Amino acid sequence: MKIYEYMGKELFAKYGIPVPKGRVARTPEEAGQITAEIGDAVIKSQILSGKRGKAGGIKFTASPHEARKFAAELLGSEIRGFKVDAVLVEEKLKIDKEYYLAITIDRGAKCPVVLASVQGGMDIEEVPEEHIVKYHVDYSIGMMPFKTKYITSKLKLPAEEAAQVQEILVKLYKMFVELDAELVEINPLVVSAGKIIAADAKVIIDDDALFRQKDLPYVEEKTESEKKAHELGLAFVELEGNIGVMANGAGITMATLDTLQYFGGSAANFLDAGGGASEEATAKALELVLAKNPKAIIINIFGGITRCDDVANAFASVKKKRGIPVPVVIRLVGTNQEKGREILREVGIEAYDTMHEAAQKAVELAAANQ
Amino acid sequence: MKIYEYMGKELFAKYGIPVPKGRVARTPEEAGQITAEIGDAVIKSQILSGKRGKAGGIKFTASPHEARKFAAELLGSEIRGFKVDAVLVEEKLKIDKEYYLAITIDRGAKCPVVLASVQGGMDIEEVPEEHIVKYHVDYSIGMMPFKTKYITSKLKLPAEEAAQVQEILVKLYKMFVELDAELVEINPLVVSAGKIIAADAKVIIDDDALFRQKDLPYVEEKTESEKKAHELGLAFVELEGNIGVMANGAGITMATLDTLQYFGGSAANFLDAGGGASEEATAKALELVLAKNPKAIIINIFGGITRCDDVANAFASVKKKRGIPVPVVIRLVGTNQEKGREILREVGIEAYDTMHEAAQKAVELAAANQ
Amino acid sequence: MSIFVDENTKVLIQGITGNQGAFHARQMVAYGTKVVAGVSPGKGGQKVDDIPVYNSVKEAMEHHQIDASILFVPAKFAKDGAFEAIHAGVKLLILIPEHIPLHDAMAIMNFARAKGTTVIGPNTFGVVSSGKCKIGIMPNQYFVPGPVGVVSRSGTLSYEIVGSLAAAGLGTSTVVGLGGDRVVGLNFIDVLARFEKDPGTEVIVLVGEIGGTAEEEAADYISKHISKPVLAYLAGKSAPPGKRMGHAGAIIERGMGTFEGKVKALNAVGVEVATLTFEVPELVSKVLLKKAM
Amino acid sequence: MSIFVDENTKVLIQGITGNQGAFHARQMVAYGTKVVAGVSPGKGGQKVDDIPVYNSVKEAMEHHQIDASILFVPAKFAKDGAFEAIHAGVKLLILIPEHIPLHDAMAIMNFARAKGTTVIGPNTFGVVSSGKCKIGIMPNQYFVPGPVGVVSRSGTLSYEIVGSLAAAGLGTSTVVGLGGDRVVGLNFIDVLARFEKDPGTEVIVLVGEIGGTAEEEAADYISKHISKPVLAYLAGKSAPPGKRMGHAGAIIERGMGTFEGKVKALNAVGVEVATLTFEVPELVSKVLLKKAM
């Protein structure tokens, strides 16, 4: 879960990481008032995307009047595909230097990794590899002083900056662990009149750990359907095509999409019904697929944890209760396969044996149904 | 550092471990008032020793009047060698069962160890080995649920008690680690009408970690001399004999005591001046030894970190400044030995080469000085 | 021959009295796996069919030799279960649950490394040495003995491919599911190294997908250390960038882990890449035929 | 021959620019120890005599082979320094500081075990293989080569005994200080096992004291695994019970670790016990004489 910059900065402040003075505003009046309090201000649109400056989402002013005007323009506007619901109004820092500091998870090393660079303010991907200090954190000992010293020594920071960055590293790591973060990123970490301050905040929380992060604000970046799927514990992504897809397992769902494409078709969605989805969840998943009004539907089940009879029952139940107005192709093999096929036969469907036969048929049916 | 029962219980409460209702009283009036609030009460003398009941340090009453009377008797009295400055007044629990629960450090295994028994209320040393569940805690993973379940399953607790004890174990371990404890002991841990409650609290904090345990109350159990020595970073213990002892290193100090005893003498104190004591600290240590008015003094230095010239200088300085009214025998070998002996010669002392010669001489001098 | 597990591997099932645990216990026994014990706190003394249930892993290990444990518990309790197994000295641990918090996964891998435990998963279908021992949730019928070693990041996709191999008369030596999560115990390289040394494996099929850099790293390793023929199947050719497709793994971000990049890396080291599952048996047959000549 | 360290051991000194660090660096070099580098954060690039100083252990190890590190830092920073050394891969770590918090010591021992590092101390005088390599703070002149292996819980007491041995013409193979704290890296048993295998050690002297059960456990081990003659010296015969005598170790509590109990345990397995330091050389000579006959 991505959270907004202002939320990230509130968390930074809570953990003792210096941030610019300021706070979030949801109305032009608030923006004006905060500007009146802090003087020279920057007004930053709060969206779940970077590169807001270039898109016109960041404004500078020292005038409360102008701050109101800017906020009125930004609030409710759409920037890089996101609606702006709030702006962060904060002091405009005198920036002497811009650094980069982040902690994320290294998949290969299976541990947290610190990324730091004295070249901040741009995307870290654009910083040459040799200017990035990369340091793995041993999960059993955490962010010890010797590590923070090593990092600042590799960055060749002057002593008074080094001490501040060492302290920030300890706090940032504490936050990273305690909040189940996937990423905490400060870019830029600025040097302003000798003080080191987090001028931006990018924080991503592990979705799978949200159950124990009850104190965090919840930020929704999904569509209505995706939200519903999420509540059902399903992985759902809206796509541009016209064939509804439901399969069990992310890999096989992707493979289904690939196979549809191979035969000239295109998927209306990605829906991974998961390994062990119940009959009820499966029925709800089907509703999600139908909600996109596809021209045809392909259901591709290779039963392992998922049992074919559960899926067949779910399908039969939805078909009986609400009817299914589009052609459906089902591929059903695996655990309890014969039982499932029997159930499908009762509602007039003959299941396929292989994915490619089913996909080919689905593409044909969708084309015919245009 | 041992802390008082009431302090331990305040900490238990802070960590969410159930304790009886009640609080500490320092006057008879307070004791009466608390009894009025809670009704049937127990009044427990707060001393740094167990077995208070047998010594008359624990009283029962439901009458505020009587509580005042009991408190007046207990406060200021001496129990098992300790002066009673406070009493803990708390509800008298209906006790159905008494268990034992403690976490301490296993020297051999170099990790925390849980000791638990369904035979509580007596000294754990008196509980037969086979009735004690002993469980080492892996320091890298802490008190995980699987461990608490294992412990309660070995104790064969009924399910509703098991759940409570599991929770207490997690909290007790957290406290053990966060407070740098050497021991946290609940004896008895009582079952009272289905609820599990810590009826006593014994907590010992690692002296070497007190620097980072600033929130803890400081409890003094040392004599004035021992306190002074502690402030100087020296290990000092008062003994019953008449020969003042100062040596560097706990082992060699003990060996000095043993050697004095062998020659028929007896030490007035144990004083380990430490490995690297400075001239100033050494001088102050000498003052401590002199404060006991010994009949003779033996200084036994085998210099490693300690340098012989430092010790000699310290001795010479004290001798010049305040005079030393008793015979002194010095044994001085090791780092900078010749320099040290030269300094001693200037104040009229010829150092010995071996511990046993010095000890024998000291015993002779003390006997002659009676 | 096989890797990780064989006909002598003695298996413990953590969470055996749950729905999934009990169902798959029976499936594993049906496959021929030596399931010797199960664990379910508070259910010690019960039995699941003929399998004795214990309150703790420690207790189970006091009564049985345990070579591997498989975990069927809800994601939020997985760390506890995994720690319990590792702490008790289990040397091979298969973590079935998905949605285990990433920090829990890191903690598990860290503790496992310290104690010398091999972890497969989380979010894996498990490992099976065909005809000998299945520790996982894959459907039994497709895993028939043969010369093909399969290592995969995706469950059902593996069944699809192993199924199509079996249908073509091509059996498998060992099939290993790495797990679909971002932090998992084994990567392609660990398994490739084992297959290289396994006399029972003649050809290796690597089942990958978009996202991450595991396939690229595998390609690099193959060029240096693997002498046996390797084929790959990759899912996600049609996936739009930036969308997370179910698996945490299946996300293309920051220009890394694209379908094209992976194909390029694999082709460069002589690994042919299938993009449709039914192509895999054809490629394998071709390679085996070539080897036989 | 010797144990733990020898003439090839390359030593790092953590905290080399401090008073103690610099003083003992020189003493070690004077003894003949191969001190190859030092560490002091922020002092990288400086030198202590001829010894190059680095900002971190990692950096030092990039430039030198390091077989052992000795730590001279204040107790409250010892955990950081120890973790740094272990994390960087140092395989033998000598912890000089006393007053290290017990929980820090447990954390250090736990991490060391996971990474395969041997820890001597804390609160130790170190280890010396006489005439070859001294890593510690003991006075140089008493450690002359010979057939006696010494393992001790106490520093100055060891000097006393080693000094009296040297005065009697009896040199030492290796002298190991276990450390006076309650949680230390090595115990008597670990060192006895090494001496047993060391051809350079003909007789073993165990220097113990009241408190704890280390001597009793050593006695048990000796009876089972040690074929070489062992002698013991024990301090604390005259100590009153219940008082903590300086060393955390030297406390008699709960009826365990009394002087009488230890003597009894050692005598029972044929270990003679001296209670005065000057008795030790006599006992050693007697044993060596008996062996020679």
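Below, chains carry the letters A, B, ... as their sequence lines are ordered, and counting in each starts from 1. Predicted model only: the values in this text are computed from it and were never measured.
With respect to chain B, the highest number of heavy-atom pairs below 4.5 Å among D/H24, D/Q27, D/H99 belongs to D/H99. When the candidates B/D138, B/L210, B/L271, B/D180 are compared by the number of heavy-atom contacts under 4.5 Å with chain D, B/D180 comes out ahead. Most heavy-atom pairs under 4.5 Å with chain D, from the set B/T253, B/L260, B/V177: that is B/V177.
For the pair D/H103 and B/F176, the minimum side-chain heavy-atom distance is below 4.5 Å. Contact of the B/M122 side chain with the B/Y100 side chain is not registered, since no non-hydrogen atoms from C-beta on lie closer than 4.5 Å. The shortest side-chain heavy-atom distance between B/R331 and B/I298 does not fall under the 4.5 Å cut-off.
For D/E217, no part lies under 4.5 angstrom from a heavy atom of chain B. Neither the backbone nor the side chain of B/E126 comes within contact range of chain D; no heavy atoms are under 4.5 Å apart. Both the backbone and the side chain of D/A107 come within less than 4.5 Å of a heavy atom of chain B. With a threshold of 4.5 angstrom between heavy atoms, B/Y139 approaches chain D through its backbone and through its side chain. Within the 4.5 angstrom heavy-atom criterion, only backbone atoms of D/L234 (N, CA, C, O) approach chain B. Looking at B/A109, the atoms closer than 4.5 Å to chain D (heavy atoms on both sides) all sit in the backbone: N, CA, C or O. Looking at D/L276, only its side chain comes within 4.5 Å of chain B, counting heavy atoms on both sides. No part of D/F111 comes within reach of chain B, as not one of its non-hydrogen atoms sits under 4.5 angstrom from that chain. Using a 4.5 Å cut-off between heavy atoms, D/F23 touches chain B through its side chain atoms alone. Contact of D/I100 with chain B is made through the backbone alone, with heavy-atom distances under 4.5 Å. With a 4.5 Å cut-off on non-hydrogen atoms, D/V207 does not touch chain B at all. When heavy atoms are compared at a cutoff of 4.5 Å, D/M109 approaches chain B solely by way of its side chain, counted from C-beta outward.
A centroid separation of 6.0 Å or more is found between the aromatic rings of D/F143 and D/Y31. For an aromatic pair to be called close, the ring centres must be under 6.0 Å apart, and D/Y221 with D/H225 satisfies this.
In this structure, D/K237 places its NZ atom where only 12 or fewer heavy-atom neighbours from other residues, nucleotides or ligands lie under 6.0 Å away. Counting heavy-atom neighbours within 6.0 Å of B/K284 NZ, excluding the residue itself, gives a total of 12 or less.
Salt-bridge annotation for B/R212 and D/D104: present, with a side-chain N of the basic residue lying under 4.0 Å from a carboxylate O of the acidic one.
If you run side-chain hydrogen bond (donor to acceptor under 3.5 Å, both in side chains) between B/N300 and each of B/T256, B/T259, B/T354, only B/T256 comes through.
Checked by atom type, the side-chain pair D/K134/D/N140 shows a donor-acceptor distance below 3.5 Å.
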